[in-house]
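To start, the structure itself, in structure tokens.
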Amino acid sequence: MSDTDFLTPTLVDHPALTDSALRWIPYWSPGIEPINAKNRPNSSLRIAGIVGTRLYEGLRHEGHLSLLTPRNADRVLRFGKPDLLLVESSWTTATGHWYMAQTDHGLGSRQLLEVLRIAKHAGVPTAYWVTAGHEYHMHFRNLATAFDHVFCADSIETALLRSEGIPAHDLPPCVQPAVHNPFRRPEDVERLQLGVVYDGLADVVRNERAFSSLHEVKRDHELGLIESRYIVDRSSVDRLENLRDSVLGCVTRISRIAAIQAASASISFENSVSTSTTQKWMALETAAMHCPSIHFGQIEEEDIRASLVTSFADPLDSLVELIRVKEDPLYGYRKAHAAWRETLEKHTFSHRLRTIAEVVGLNHDWEEFPRATIITPTMRPQFVENAVATYLDQTYPNKELVLVCNGFHHQDLQVPQGGVNDIKVLHLPQDLFAGAAMNLGMQASSGKWTFRLDDDDTYGSNFILDMMLWERCYDADIMGKAETVPMRFEGHSDVFFGASRDFILATGKELAGTHYISGNSISLRRSVDSAPSYLHNAATGADGFLKLNTPEAAVVLIGDFLNAVAERRSEIHEHSWKAESEELRRGKTAYPGIEDFLL
């Protein structure tokens, strides 16, 4: 056996099943392959872990993760020099080892305690993350006493352990944006579109009558029932009275992601067999995928789901909410976007590891807010004030503005200096244009990302924040809004907007072909060979040349359509895009006011 056999154990998603057993399970697979575009770890932490699949998927993007098995644990802890041994309260693990070893009667319990002893001898701090709810207190309580530090996803379990003299810290459920996010390949968007999805088929199979509200959902929507928590058999599904034709089937974690990404809404129920803690993990994952979520039941204000999920004590109110999301897609989109933003801002694995590092005393070098440079090229002195105001209004904390005055000097510009409000004013001769102005701005920038913001358009205060949150999902080279951006025309208060293909993960080749990003939102990663630059001597079409000149292998993120409204003036010659207003309005819906597009 080679050394690598000790260090790279095989991952298992479920216990081995015979072909006959597999045929008895109604698995659903959309035929969509997972996307692996996040290669840079978020920190330099070295973690040795005994964890389940969910934590494995989350932690492997946060640093160097070594999964322990009975065969490799001694060598990894003695010679791998991990910063931390992290064990999750789990009866099954990502490698298939340590089954029920965390219970007093588990066959591997003594071996697990020996691993903790080895870690202590090697000077490796140990942490226990009780990710299950307090309902499992009696199963994991005794093992918790053997760790240096204990963390709990359920605050009730934290209180129980503390009442028994075991120091414990709250560490709520979280998500990994590199796994749970709304971005899809263009072909996957075309292939799969679902209606309302309920991940609770096992609940329905066990007691269909207890979920009578699903009959109403089925009447008004396309309903899809999936099951990611348990395995159910075909005969049980066949015995369903009214919901059999709504069953998609059991899903792997990869297929669940595909289903939620493609869903118009996700629903959950208070009377589910899942514990409240399990439902919290699932709700956060749904929110991270930008899917509107409605809960049949009351969620208390202190619950982590309270601001992420719309909940009602009366099932009729939940049904009405589903109708509203269906009939007013922009309403549902805004609800989903607010939940998505809060989740990525506060509830990621990076946030939770930072808490663990603070308690344990480790250096956690995750960069939460990389520097973002806003570059605004302008040939119009009258719009300088608007450009500076847009920059100052941005909520993103680590930012700078490079204002490139093209063909004029703006000596009287009054701007704050220092801190996060750093503003640089550059000047460019009038015989050069937007491409050269952007390249000059990039040369003067200090940000990890550069963003083009036009001087005359309207941007919401979270424009930069949201796009920097996209960057937590994938190692992209170029980002931007979809080309079909909301527009407002001079002399009119209405905003015109048509269908937009959002949250697309594309390549440079696709960007140059059938998928586009709006020129007033183009963002480039600095100092990356595969990232494009602007054509220096382009007199017109600088944005178009950049897209066409993007390396084919570049990773492109086309995100949401909020917080960027193009302002069109009546004088066409003032715009680089020479198109009549009637042409730009054709086929689009008029929305009263701009507020719905700023969030």
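In this structure, E510 and V556 have side chains that are not in contact, with every pair of non-hydrogen atoms separated by 4.5 Å or more. Using a 4.5 Å heavy-atom cutoff, the side chains of F349 and N42 are not in contact. When side chains are defined from C-beta on, V175 does not count as touching W281, because their heavy atoms never get closer than 4.5 Å. Side chains of D303 and S311 form no contact here, defined as non-hydrogen atoms less than 4.5 Å apart. Counting heavy atoms from C-beta outward, H364 and E358 have side chains that stay 4.5 Å or more apart. Between D466 and L562 the shortest side-chain heavy-atom distance does not fall below 4.5 Å. Side chains of S272 and Y198 form a contact here, defined as non-hydrogen atoms less than 4.5 Å apart. Counting heavy atoms from C-beta on, the side chains of M468 and R371 never come closer than 4.5 Å.
At a threshold of 4.0 Å, the pair R229-E227 counts as salt-bridged, since one of the basic side-chain nitrogens sits closer than that to a carboxylate oxygen. Using a cutoff of 4.0 Å between basic side-chain nitrogens and carboxylate oxygens, R40 and D475 are scored as salt-bridged. Between E33 and R185 there is no salt bridge, since none of the side-chain N atoms of the basic residue sits less than 4.0 Å from a carboxylate O of the acidic one. With salt bridges taken as basic N to acidic carboxylate O contacts below 4.0 Å, none links R354 and D365.
Counted by atom type alone, E88 and T131 present one or more donor-acceptor pairs between their side chains at under 3.5 Å. Residues S155 and D170 bring no donor and acceptor atom of their side chains to less than 3.5 Å of each other. Inspection of the R526 and S445 side chains reveals an N or O donor paired with an N or O acceptor under 3.5 Å. Using a 3.5 Å distance cut-off with no hydrogens or angles, the side chains of N520 and D457 do pair a donor with an acceptor.
Crowding of Y136 atom OH: a count of heavy atoms from other residues, nucleotides or ligands under 6.0 Å not exceeding 12. In R206, the CZ atom is not crowded: 12 or fewer heavy atoms of neighbouring residues, nucleotides or ligands sit closer than 6.0 Å.
Residues C174 and L284 come closest through the heavy atom pair N-CD1, 3.7 Å. Residues V150 and P167 come closest through the heavy atom pair CB-O, 3.7 Å. Shown here for L65 and G49, the closest heavy-atom pair between the two residues is CD1-N, 4.3 Å. Between I304 and P172, the shortest heavy-atom distance links the atoms CD1-CB, 3.9 Å. Counting all heavy atoms, side chain and backbone alike, D199 lies closest to S228 at OD2-OG, 2.5 Å. Residue L86 comes nearest to W129 through the heavy atom pair CD1-CB, 4.2 Å, listed as atom of the first residue, atom of the second, then distance.
In terms of the ring-ring contact (aromatic ring centres under 6.0 Å, His included) criterion, residue partners of F561 (sequence neighbours excluded) are, by chain and number, Y333, F497. Qualifying side chain to side chain donor-acceptor pair (under 3.5 Å) partners for D220, counting only residues two or more places apart in sequence or in other chains: none. Listed by chain and number, the residues in a side chain to side chain donor-acceptor pair (under 3.5 Å) with S521 amount to none (sequence neighbours excluded).
Ring pair F183/F503 is perpendicular by interplanar angle, where above 60° counts as perpendicular and below 30° as parallel.
A cation-pi contact, defined as under 6.0 Å to the ring centre and within 45° of the axis, links R324 to Y331.
Remark: side-chain polar atoms of W366 are not paired, donor with acceptor, to backbone N or O of E62 under 3.5 angstrom. Although no hydrogens or angles enter the test, the distance criterion places a donor-acceptor pair under 3.5 Å between the side chain of D148 and the main chain of T126. With hydrogens and angles disregarded, no donor-acceptor distance shorter than 3.5 Å links the side chain of T278 to the backbone of S274. In this structure, the side chain of K218 does not engage the main chain of L243 through any donor-acceptor pair within 3.5 Å. Judged by distance alone, with hydrogens and angles left aside, the side-chain atoms of R191 form a donor-acceptor pair with the main-chain N or O of G31 at under 3.5 Å. In terms of modelled atom types and a separation under 3.5 Å, the side chain of T343 and the main chain of A339 share a donor-acceptor contact.
For F597 and Y591, the distance between ring centers is under 6.0 angstrom. Between F463 and Y396, the ring center distance fails the sub-6.0 Å criterion.
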- Task: Let me see the working for T310 and K335 under side-chain hydrogen bond (donor to acceptor under 3.5 Å, both in side chains), right down to the final yes or no.
- Result: CA-CA 9 Å; T310 306; K335 298 277 285 189; 3.3 Å; yes
- Could you go step by step and tell me if I254 and S29 meet the side-chain contact (heavy atoms from CB on, under 4.5 Å) rule? CA-CA 9 Å; I254 292 172; S29 174; over 6 Å; no
- Full working for side-chain contact (heavy atoms from CB on, under 4.5 Å) between L322 and H221: CA-CA 9 Å; L322 275 173; H221 310 269; 3.6 Å; yes
- Let me see the working for Q279 and E270 under side-chain contact (heavy atoms from CB on, under 4.5 Å), right down to the final yes or no. CA-CA 9 Å; Q279 292 197 49; E270 191 172 51; over 6 Å; no
- Message: Assess the residue pair F269 and L214 against the criterion (side-chain contact (heavy atoms from CB on, under 4.5 Å)); give the C-alpha distance rounded to whole Å, side-chain angles, the decisive distance to 0.1 Å, and a yes or no.
- Response: CA-CA 10 Å; F269 287 84; L214 286 173; 3.8 Å; yes
- Message: Set out, in order, the CA-CA distance, both residues' side-chain angles and the distance that settles side-chain hydrogen bond (donor to acceptor under 3.5 Å, both in side chains) for S446 and E400, then state yes or no.
- Response: CA-CA 8 Å; S446 62; E400 67 176 354; 3.0 Å; yes
- Would Q102 and S90 count as a side-chain hydrogen bond (donor to acceptor under 3.5 Å, both in side chains) if you check the C-alpha gap in whole Å, the side-chain angles of each, and the deciding distance to 0.1 Å? CA-CA 7 Å; Q102 298 180 34; S90 179; 5.6 Å; no
- Query: Can you list the steps and then say if H61 with Q176 is a side-chain hydrogen bond (donor to acceptor under 3.5 Å, both in side chains)?
  - Reply: CA-CA 8 Å; H61 295 283; Q176 176 52 257; 5.4 Å; no
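Pairs passing the salt bridge (Lys or Arg N to Asp or Glu O under 4.0 Å) check and including a residue from residues 280-297, sequence neighbours excluded, read R54-E285, R253-E285, R256-E285. Within the structure, the ring pair (Phe, Tyr, Trp, His ring centres under 6.0 Å) test picks out no pair touching residues 246-266 (sequence neighbours left out).
Annotation: the span from T550 atom OG1 to L524 atom CG amounts to 8.0 Å, rounded to 0.5 Å. Rounding to the nearest 0.5 Å places CG of L59 at 12.5 Å from CZ of R352. Rounding to the nearest 0.5 angstrom, the gap separating the CG atom in L248 from the CH2 atom in W28 is 5.5 Å. Going from atom CG of D314 over to atom CG of L319 covers 8.5 Å, rounded to the nearest 0.5 Å. Considering CD1 of I375 and CD1 of I522, their distance stands at 11.5 Å, rounded to 0.5 Å. A distance of 4.5 Å separates CZ of F140 from OG of S89, quoted to the nearest 0.5 Å.
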Let me check something: any side-chain donor-acceptor pairs from residues 289-296 under 3.5 Å, sequence neighbours excluded? List them with distances.
residue: H290; atom: NE2; partner: H337; partner atom: ND1; Å: 2.9
residue: H295; atom: ND1; partner: S268; partner atom: OG; Å: 2.7

